Amino acid sequence: DLASWELFPSSLQEMVVWADVYKDEEKRDKSRNNILIYKNVPEEDKSMIFLVAIHMHGILKQFRVECFGNWTGSAPWNATISSLNLACDYVSRKLSIPMQEMPKTRQIYLQESKEPLLTQDKDPEGKFYRIQEWWSVARPLRVADLTADRKKIAMGSIMLTEGDFVEVGAELDFVVNKNRNTQTMVKCFLTCTYIVRLMPAI
């Protein structure tokens, strides 16, 4: 069973009690310095903050997992999108900035941080440099396999196959910028942190 702070809220009223918006003044990219954090994590050191992280489970269909790829699953995606839009609505209200809703599509675009740490030797095909104006990769995606004795063993993403049952970990990345009509908006992206294969395809 999950503790109350581990359960994602289903309403704005619950979100107010569950989370808060923290402004990271040390972040260089000021358009991304608003962070959703837990309010009631049972830790002795109350000075510590913990970023809200989410875990999604689903069966891989057509997908491409690499530094610049995406992940497509068969999870109940509409419910996930509703939760993300709820979080974005909460941040929007806290900042008094209109939100741009995430569309209800079954495809996840894994947005990375705008503070790049990827080096050229890790991008031999030059894919990063062709899209760096829009996306920056902050860290390599961690991929692992869950063994029968519950150990997580690192694996190459090429070993993932259609039909695998996986857990995807992600953080919420809020971006404040202007839309085509020069209106300031807040948008929410998923920043993928890891993929664990829980059960291989049969």
Side-chain angles (χ1 to χ4, degrees), residues 2 4-41 48-58 63 67-116 131-139 141 167-195:
L2 297 176
S4 59
W5 68 271
E6 297 176 298
L7 298 173
F8 203 92
S10 59
S11 68
L12 276 175
Q13 290 80 5
E14 293 179 2
M15 183 69 75
V16 170
V17 178
W18 186 75
D20 203 355
V21 178
Y22 172 78
K23 188 175 291 291
D24 186 356
E25 300 294 353
E26 296 183 0
K27 203 172 185 68
R28 287 180 293 173
D29 187 348
K30 300 306 179 185
S31 69
R32 296 168 179 261
N33 66 351
N34 295 292
I35 303 170
L36 193 68
I37 63 173
Y38 295 105
K39 263 189 178 177
N40 301 304
V41 177
M48 297 180 66
I49 62 170
F50 296 88
L51 279 64
V52 168
I54 61 174
H55 306 279
M56 298 172 288
H57 298 85
F63 69 96
C67 287
F68 318 101
N70 55 53
W71 177 84
T72 301
S74 62
W77 185 234
N78 286 350
T80 303
I81 290 296
S82 296
S83 295
L84 296 179
N85 282 330
L86 173 63
C88 193
D89 186 19
Y90 175 62
V91 173
S92 168
R93 291 168 185 263
K94 292 280 287 188
L95 301 178
S96 298
I97 299 174
M99 66 173 281
Q100 180 176 319
E101 287 195 2
M102 185 179 288
K104 289 189 176 180
T105 171
R106 286 185 179 273
Q107 193 170 42
I108 305 176
Y109 294 94
L110 302 177
Q111 179 87 356
E112 283 286 7
S113 167
K114 280 290 185 180
E115 297 177 7
I131 63 171
Q132 63 178 334
E133 182 179 348
W134 304 280
W135 282 32
S136 296
V137 176
R139 56 187 178 271
L141 178 64
E167 175 180 290
V168 176
E171 296 170 356
L172 304 179
D173 187 13
F174 298 94
V175 181
V176 177
N177 56 19
K178 295 184 183 296
N179 61 14
R180 295 178 181 177
N181 299 320
T182 68
Q183 181 184 15
T184 300
M185 306 282 290
V186 58
K187 294 179 285 188
C188 178
F189 296 95
L190 287 176
T191 299
C192 188
T193 54
Y194 68 85
I195 298 177

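Given the structure is predicted, the values throughout are model-derived calculations rather than measurements. These values consider heavy atoms only, across backbone and side chains, with no hydrogens, waters or symmetry-generated copies.
- In terms of modelled atom types and a separation under 3.5 Å, the side chain of N40 and the main chain of V17 share a donor-acceptor contact.
- In this structure, the side chain of S31 does not engage the main chain of N177 through any donor-acceptor pair within 3.5 Å.
- Taking both residues in full, the closest heavy atoms of K27 and N33 are given as CD-CA, 3.7 Å, listed atom of the first, atom of the second, then distance.
- In this structure, Y90 contributes its side chain and A19 its backbone to a donor-acceptor pair below 3.5 Å.
- Judged as a side-chain hydrogen bond (donor to acceptor under 3.5 Å, both in side chains), and not counting sequence neighbours, K30 has no contacts.
- Among residues two or more places apart in sequence or in another chain, the side-chain hydrogen bond (donor to acceptor under 3.5 Å, both in side chains) test is passed with S4 by none.
- The minimum heavy-atom distance between W18 and W5, with the atom names listed, is NE1-O, 2.8 Å.
- Here salt bridge (Lys or Arg N to Asp or Glu O under 4.0 Å) pairs that include residues 83-92, with residues two or more places apart or in two chains, are D89-R93.
- With E14 contributing its side chain and S10 its backbone, the two residues share a donor-acceptor pair below 3.5 Å.
- Residues passing the side-chain hydrogen bond (donor to acceptor under 3.5 Å, both in side chains) test with Y194 are H55, E167, sequence neighbours excluded.
- Residues forming a salt bridge (Lys or Arg N to Asp or Glu O under 4.0 Å) with K39 (at least two apart in sequence, or on another chain): none.
- Inter-residue side-chain proximity for V91 and M99 is flagged as unmet; no heavy-atom pair is nearer than 4.5 Å.
- Listed by chain and residue number, nothing satisfies the salt bridge (Lys or Arg N to Asp or Glu O under 4.0 Å) test with D24 (two or more places apart in sequence, or in another chain).
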